[in-house]
K.L.:
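Got a structure here, written out as structure tokens. Questions coming.
Note that the structure is predicted; figures quoted are calculated from it, not measured. FYI, side chains are in, hydrogens and waters are out, and symmetry mates aren't considered; it's all heavy atoms of this structure.
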Amino acid sequence: MNKRRIGIVGYGHLGQYLVKEIQTSKDLEVAFVWNRNTTKLDGQLEKDLILKNLDDFRDFSADLIVEVAHPIITKQYGELFLSSADYLIGSPTAMADSSTEKVIRAAATRHGLYVPSGAFWGGEDIKKMADRGTLQALRVTMKKHPSCFKLVGELSALNDTVTDNPVTLYEGSVRGLCPLAPNNVNTMAAAAVAAHNLGFDKVQGCLVSDPSLRDWHVVEVEAWGAGDMAADRAFHIRTVRRNPARLGVVTGTATYASFLSSLLGAQGKGQGVHLC
């Protein structure tokens, strides 16, 4: 039986973890590894596994291409990847750009576009509610130590002012947040994809910088379903997830195993967009 060939785009901590797991798997094999800084790959991998020019990805015949680098990869290559392989988008914040979302959704006609649920607990249930049209509202709150954020612009400046007390950095649409925190809110982006009847504009995100969270990343998900929301008589559920994380680390410990599970599940669903 042929092993499933996996191409890895990005060789940071998560990329390195995935490569090691694939290399020990009985059912998977590494098709290629690409990294923006190719010198980082020297001596770490066999030379025939190193993809130096991402434009040449087709030469390595991957069955699944996994992005764990940066949202810009999907904007520049997502459509091309989907023309020849299934694609697992590790930075779904890329889809907050409406033109990018439109292009890659349209491109997922021959192969599957897979979105990892990551820290988005209950993603499949949210998607089912969205499929039935009963999902009325969704709110995702992420709380981390200030050192665990990788932000840009005004959010970065605000986070630099946090000292002893929690500060809400952002509260509003997920679409508006993703460009300001592209490395931190992939969970929210996955939520917006799952809640497709609401999308990036209507799913609400809240980002809190909390100096007391020295050992955890906290994700709270609140969903409202059928019923009268105005009278507080609608279906409502709230989950809280605490992910162990060291100071200064963007990705919590449990996220690595969760992403590997998503990789293993990213197959066999055919064309279209799939949560995994």
K.L.:
For side chain to side chain donor-acceptor pair (under 3.5 Å), just list the numbers for Glu222 and His236, CA-CA rounded to whole Å, side-chain angles, deciding distance to a tenth of an Å, and then say yes or no.
P.N.:
CA-CA 7 Å; Glu222 284 191 277; His236 176 240; 2.9 Å; yes
K.L.:
Where do Gly7 and Ala62 come nearest, in terms of heavy atoms and distance?
P.N.:
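It is N-CB, 3.9 Å.
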K.L.:
When you look at CZ of Arg58, are more than 12 heavy atoms from neighbouring residues, nucleotides or ligands closer to it than 6.0 Å?
P.N.:
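Counting other residues, nucleotides and ligands, CZ of Arg58 exceeds 12 neighbours.
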K.L.:
Would Val193 end up clustered with Ile73 when hydrophobic side chains under 4.5 Å apart are linked, directly or stepwise?
P.N.:
yes
K.L.:
Side-chain contact, heavy-atom cut-off 4.5 Å: Asn243 with Val219?
P.N.:
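They are not in contact (no side-chain heavy atoms under 4.5 Å apart), so the answer is no.
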K.L.:
What I want to find out is whether Glu124 reaches Lys128 closely enough, with some N-O distance under 4.0 Å, to be called a salt bridge.
P.N.:
no
K.L.:
If you compare all heavy atoms of Ala195 against all heavy atoms of Val203, which two are closest, and at what distance to 0.1 Å?
P.N.:
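Minimum heavy-atom contact is CB-CG2, 3.9 Å.
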K.L.:
Tell me whether Val273 shares a hydrophobic cluster with Leu82, the cluster being built from Ile, Leu, Val, Met, Phe, Trp, Tyr side chains joined at under 4.5 Å.
P.N.:
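Yes, it is one cluster - the side chains of Val273 and Leu82 are joined through contacts under 4.5 Å.
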K.L.:
Checking the side chain of Thr100 only, and the main-chain atoms of Ala96 only, is there a donor and an acceptor separated by less than 3.5 Å?
P.N.:
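Not confirmed, Thr100 side chain does not pair with Ala96 backbone.
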K.L.:
Are Ser25 and Asp27 linked by a side-chain donor-acceptor pair shorter than 3.5 Å?
P.N.:
no
K.L.:
Between His145 and Asp215, is a side chain to side chain donor-acceptor pair (under 3.5 Å) present by the stated rule, with each step listed?
P.N.:
CA-CA 8 Å; His145 188 273; Asp215 301 303; over 6 Å; no
K.L.:
Is there side-chain contact between Leu51 and Asp56, with at least one heavy-atom pair below 4.5 Å?
P.N.:
yes
K.L.:
Taking Cys148's backbone N and O only, do any of them form a donor-acceptor pair with Asn184's side chain (distance below 3.5 Å, no angle check)?
P.N.:
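Yes; judged by distance alone, with no hydrogens or angles, the pair exists.
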K.L.:
What is the minimum heavy-atom distance between Arg110 and Ser83, and which atoms define it?
P.N.:
NH1-O, 2.9 Å
K.L.:
With a 3.5 Å distance limit and no angle check, can you tell me whether Asn35 reaches the backbone of Gly10 through a side-chain donor-acceptor pair?
P.N.:
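Pair absent, no side-chain N/O of Asn35 close to backbone of Gly10.
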K.L.:
When clusters are formed by joining ILVMFWY residues with side-chain heavy atoms under 4.5 Å apart, either directly or through shared neighbours, do Val30 and Ile6 land in the same one?
P.N.:
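Per the 4.5 Å side-chain linkage, Val30 and Ile6 are co-clustered.
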K.L.:
So, for Ala190 and Pro116, which heavy atoms are closest and what is the spacing to 0.1 Å?
P.N.:
CB-O, 3.6 Å
K.L.:
What's the spacing between His111 NE2 and Ile65 CD1 if we round to 0.5 Å?
P.N.:
9.0 Å
K.L.:
Only counting residues at least two apart or in another chain, list the ones meeting side chain to side chain contact (heavy atoms under 4.5 Å, CB included) with Glu220.
P.N.:
Thr141, Lys143, Val218, Arg238, Val240
K.L.:
Main chain of Lys127, side chain of Arg132: is a donor-acceptor contact present, judged purely on distance under 3.5 Å?
P.N.:
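Looks like no, no N/O pair under 3.5 Å.
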K.L.:
Does the distance from a Lys or Arg side-chain N to an Asp or Glu carboxylate O, for Glu79 and Lys102, drop under 4.0 Å?
P.N.:
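Not counted as a salt bridge, because no side-chain N and carboxylate O are separated by less than 4.0 Å.
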K.L.:
Measure centre to centre between the rings of Tyr114 and Tyr87, then say whether the value is under 6.0 Å.
P.N.:
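No, ring centres 6.0 Å or more apart.
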K.L.:
Looking at Ala234, is its backbone amide N or carbonyl O close enough to the side chain of Gln136 to form a donor-acceptor pair, meaning the two atoms are under 3.5 Å apart?
P.N.:
no
K.L.:
Using 0.5 Å steps for rounding, measure from the CG atom of Leu28 to the CG atom of Leu264.
P.N.:
6.0 Å
K.L.:
Looking at Trp34, is its backbone amide N or carbonyl O close enough to the side chain of Thr38 to form a donor-acceptor pair, meaning the two atoms are under 3.5 Å apart?
P.N.:
no
K.L.:
Between Glu46 and Asp48, is there a donor-acceptor pair closer than 3.5 Å when you use the side chain of the first and the backbone of the second?
P.N.:
no
K.L.:
Taking everything shown except Asp42 itself, do over 12 heavy atoms lie less than 6.0 Å from its CG?
P.N.:
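Check passes, neighbour count above 12.
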K.L.:
Should the heavy atoms of other residues, nucleotides or ligands under 6.0 Å from NZ of Lys269 be counted, would the total exceed 12?
P.N.:
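Check passes, neighbour count above 12.
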K.L.:
So Ser91 and His70, do their side chains get closer than 4.5 Å, heavy atoms only?
P.N.:
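They are not in contact (no side-chain heavy atoms under 4.5 Å apart), so the answer is no.
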K.L.:
Give the minimum heavy-atom separation between Gly205 and Met188, together with the two atoms involved.
P.N.:
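For Gly205 and Met188, the tightest heavy-atom pair comes out as CA-SD, 3.8 Å.
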K.L.:
Starting from Leu275, can I reach Ile237 by hopping between I/L/V/M/F/W/Y residues whose side chains sit under 4.5 Å apart?
P.N.:
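Same hydrophobic cluster.
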K.L.:
Got a second to check how far Arg36's CZ is from Leu54's CG, nearest 0.5 Å?
P.N.:
13.0 Å
K.L.:
Could you go through the side-chain contact (heavy atoms from CB on, under 4.5 Å) check for Phe81 and Glu67 one step at a time?
P.N.:
CA-CA 10 Å; Phe81 289 159; Glu67 175 274 311; 5.6 Å; no
K.L.:
I'd like to know if Asp201 and Arg175 make a salt bridge, using a cut-off of under 4.0 Å between side-chain N and carboxylate O.
P.N.:
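Yes.
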K.L.:
Got a second to check how far Ile104's CD1 is from Ser99's OG, nearest 0.5 Å?
P.N.:
10.0 Å
K.L.:
Tell me which donor-acceptor pairs under 3.5 Å the side chains of residues 154-166 have, and how far apart each pair is, sequence neighbours excluded?
P.N.:
residue	atom	partner	partner atom	Å
Asn159	OD1	Ser209	OG	2.6
Asn159	ND2	Pro146	O	3.0
Thr161	OG1	Leu158	O	2.5

K.L.:
Does any part of the side chain of Leu88, heavy atoms only, come nearer than 4.5 Å to the side chain of Cys276, both counted from C-beta?
P.N.:
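Side chain of Cys276 against side chain of Leu88, heavy atoms only: contact under 4.5 Å found.
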K.L.:
Out of curiosity, Leu169 CG to Met142 CE, how far, rounded to the nearest 0.5 Å?
P.N.:
12.0 Å
K.L.:
In this structure, are over 12 heavy atoms from other groups packed under 6.0 Å from Lys40 atom NZ?
P.N.:
yes
K.L.:
If hydrophobic clusters are built from ILVMFWY residues whose side chains come within less than 4.5 Å, do Leu45 and Leu263 share one?
P.N.:
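Leu45 clusters together with Leu263.
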K.L.:
Can you find a heavy atom in the side chain of Gln267 that is under 4.5 Å from one in the side chain of Arg4?
P.N.:
yes
K.L.:
Working to the nearest 0.5 angstrom, can you tell me the gap between Asp131 CG and Ile126 CD1?
P.N.:
11.5 Å
K.L.:
So which of Ile8, Leu49, Thr24 actually passes side chain to side chain contact (heavy atoms under 4.5 Å, CB included) with Val19?
P.N.:
Ile8
K.L.:
Does the pair Phe57 and Phe32 meet the rule for a ring pair (Phe, Tyr, Trp, His ring centres under 6.0 Å), with working shown?
P.N.:
CA-CA 8 Å; Phe57 72 91; Phe32 68 79; 7.2 Å; no
K.L.:
Within the structure provided, determine whether Phe149 and Leu207 are in side-chain contact (heavy-atom separation under 4.5 Å).
P.N.:
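The answer is yes, as the side chains (C-beta and beyond) meet within the 4.5 Å cut-off.
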K.L.:
May I ask you to establish whether Arg242 and Trp216 are in a cation-pi arrangement, using a distance under 6.0 Å from NZ or CZ to the six-membered ring centre and at most 45° from the ring axis?
P.N.:
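Yes - Arg242 lies over the ring of Trp216, closer than 6.0 Å to its centre and within 45° of its axis.
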K.L.:
Is there a side-chain contact (heavy atoms from CB on, under 4.5 Å) between Leu18 and Phe259 once you walk through the steps?
P.N.:
CA-CA 9 Å; Leu18 293 175; Phe259 198 97; 3.7 Å; yes
K.L.:
Using modelled atom types and a 3.5 Å cut-off, is there a donor and acceptor pairing between side-chain atoms of Glu21 and backbone atoms of Leu260?
P.N.:
no
K.L.:
Can you find a side-chain donor-acceptor pair between Ser173 and Gln204 that sits under 3.5 Å?
P.N.:
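Gln204 and Ser173 do not have a side-chain donor-acceptor pair below 3.5 Å.
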K.L.:
Is the shortest side-chain heavy-atom distance between Phe235 and Met129 below 4.5 Å?
P.N.:
yes
K.L.:
Could you tell me whether a side-chain N or O of Asp86 sits under 3.5 Å from a main-chain N or O of Gly112, the two making a donor and an acceptor?
P.N.:
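Yes, because the side chain of Asp86 sits within donor-acceptor range (under 3.5 Å) of the backbone of Gly112.
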K.L.:
For a 4.5 angstrom cut-off between non-hydrogen side-chain atoms, does Tyr11 reach Val68?
P.N.:
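A side-chain contact under 4.5 Å is absent here.
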K.L.:
Apply the test side chain to side chain donor-acceptor pair (under 3.5 Å) to residues Ser212 and Asp210: give CA-CA distance (whole Å), side-chain angles for both, the deciding distance (0.1 Å), then the verdict.
P.N.:
CA-CA 5 Å; Ser212 71; Asp210 187 344; 2.7 Å; yes
K.L.:
For a quick test of reading the model, state the closest non-hydrogen atom pair linking Val115 to Pro92 and the distance between them.
P.N.:
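The pair with the smallest heavy-atom distance is CG1-CB, 4.0 Å.
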K.L.:
Is it the case that the side chain of His217 and the backbone of Leu213 share a donor-acceptor pair, with hydrogens and angles ignored and the cut-off at 3.5 Å?
P.N.:
no
